[in-house]
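Remember, it's 1-based here, ligands and their atoms both numbered in the order they're listed.
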Amino acid sequence: MTTFEQLSQAVVAGKSKDAKALTQQALTEGAQPGAVVDQALVPAMAIVGDRFRDNQIFVPEMLMSARAMKESLAILEPKLLAAGVQPKYTAVIGSVHGDLHDIGKNLVAIMWKGANFRVVDLGVNVSPAKFVAAIQQHQPQVVGLSTLLTTTMPAMVETVRVIRASGCPPVKIMVGGAPVTQQFANEIGADGYSADASAAVEVALKLIG
Ligand code: B1M
């Protein structure tokens with residue numbers, strides 16, 4: 001079994017210690033940090049999601065897998081970032097009101113930091129008012145809204161509406177997350193959408209122009 005496969009299995013099983021050791025091993029073997037994310041960690045979470053949907057595992061197991069993935073990401077993050085470069089742009093990001101998922105949002109934040117953005121991460125369960133306050137305070141070029149639940153998609157709609165109505169400094173709004181599509185982004189008046197964290201960099205840079 002390859003190191004990526006072992007790492008994937010460790011994350012699925014929620015074994016944080018093994019996930020950390022195998023992440024380190026993959027890097028020692030010369031793997032690119034982005035490949036570890038795309039080929040081991042993201043597929044692992046897809047398996048976890050399928051098992052949860054099929055009632056083979058429950059919330060505590062999902063949490064353990066999430067913790068293992070975060071331990072692995074903590075090792076990868078410094079390697080995904082460009083070292084010592086002065087940030088050129090500012091971005092604000094958060095998971096919308098009602099949504100506690102943060103792994104995908106964190107990945108987008110890491111990729112943006114790697115692309116020379118100063119990222120203000122508001123965390124999870126972020127109210128529209130908190131987004132507006134952060135935009136007023138930090139004057140970002142881009143604000144990113146993430147959601148993983150179909151039930152919190154209306155909160156994304158509301159957040160876009162409130163930001164637009166707030167009269168806060170002009171900002172490009174980007175949306176993403178598993179249930180979000182380009183069509184949904186267009187419908188709710190967002191400026192940009194990306195399906196994954198790597199594309200989020202390209203889209204944000206294009207929006208800034
Ligand atoms: Co949750 N959960 N969860 N969960 N969970 C899902 C999302 C689910 C699909 C599982 C399933 O049923 N198959 C399902 C949603 C179903 C739906 O709405 N259609 C679900 C559910 C139902 C729930 C609860 C309601 C369960 C319950 O309590 N009964 C509950 C809700 C809590 C809440 O938010 N209020 C819940 C709770 C949890 C945990 C807390 C246990 C845990 C989250 C821990 C954490 O994040 N710290 C968890 C997890 C781990 C998952 C799965 C298994 C994995 C999510 C993940 O991290 N994926 C997930 C199943 C799945 O995704 N297959 C599931 C890996 C991550 C890298 O991908 O987040 O999609 P993702 O991010 C991608 C892209 O979407 C994109 O880029 C990222 C990287 O490429 N992206 C953006 C994301 N944000 C972006 C923003 C952008 C651009 C791109 O621009 C700004």
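- Residue contacts with ligand 1 do not include Pro179, since none of its heavy atoms lies under 4.0 Å from the ligand.
- Checking atom 9 (C) of ligand 1 against the protein gives no heavy-atom contact under 4.0 Å.
- One finds no salt bridge joining Lys206 and Asp191 here, because no Lys/Arg side-chain nitrogen approaches an Asp/Glu carboxylate oxygen to under 4.0 Å.
- Within 6.0 Å of CD in Gln32 there are 12 or fewer heavy atoms belonging to other residues, nucleotides or ligands.
- With hydrogens left out, the protein atom closest to atom 81 (N) of ligand 1 is Gly177 N, 3.5 Å, a heavy atom.
- In terms of N/O distances under 3.5 Å, ligand 1 is approached by Ala197.
- Around atom CD of Gln183, no more than 12 heavy atoms belonging to other residues, nucleotides or ligands sit under 6.0 Å away.
- For CD of Gln182, the number of neighbouring non-hydrogen atoms (other residues, nucleotides, ligands) closer than 6.0 Å is greater than 12.
- When hydrogens are left out, the protein atom nearest atom 35 (N) of ligand 1 is Gly98 O, 2.9 Å; that is the closest non-hydrogen contact.
- Inside a sphere of radius 2.8 Å centred on atom 1 (Co) of ligand 1, the protein N/O/S atoms present are His101 NE2.
- Looking at Glu77 and Lys113, a side-chain N of the basic residue comes within less than 4.0 Å of a carboxylate O on the acidic one, giving a salt bridge.
- For residues 48-60, the pairs satisfying side-chain hydrogen bond (donor to acceptor under 3.5 Å, both in side chains) are Asp50-Arg53, with sequence neighbours left out.
- Closest to atom 76 (C) of ligand 1, if we only count protein heavy atoms, is Ala195 O, 3.4 Å.
- Protein heavy atom at the shortest distance from atom 87 (C) of ligand 1 is Gly176 CA, 3.5 Å.
- Assignment of Ser65 to the shell around ligand 1 is not supported, since no heavy atom sits closer than 4.0 Å.
- Using a 4.0 Å cutoff on heavy atoms, Lys70 counts as a contact of ligand 1.
- Remark: ligand 1 atoms within the under-4.0 Å shell around heavy atoms of Ala66 are 44 (C).
- Asp121 has a carboxylate O that lies under 4.0 Å from a charged side-chain N of Lys105, or vice versa, which qualifies the two as a salt bridge.
- The side-chain contact (heavy atoms from CB on, under 4.5 Å) search around Ile208 returns Tyr89, Phe117, Gln141, Val142, not counting sequence neighbours.
- Summary of contacts: the protein heavy atom closest to atom 57 (O) of ligand 1 is Ile103 CB, 3.3 Å.
- Residue contacts with ligand 1: Thr151 is placed with no nitrogen or oxygen under 3.5 Å of a nitrogen or oxygen of the ligand (distance criterion only).
- Looking only at protein heavy atoms, the nearest one to atom 89 (C) of ligand 1 is Ser194 O, 3.4 Å.
- When hydrogens are left out, the protein atom nearest atom 18 (O) of ligand 1 is Thr150 N, 2.9 Å; that is the closest non-hydrogen contact.
- Under the side-chain contact (heavy atoms from CB on, under 4.5 Å) criterion, Val180 pairs with Thr147, Met156, Val175, Phe184, Tyr193, not counting sequence neighbours.
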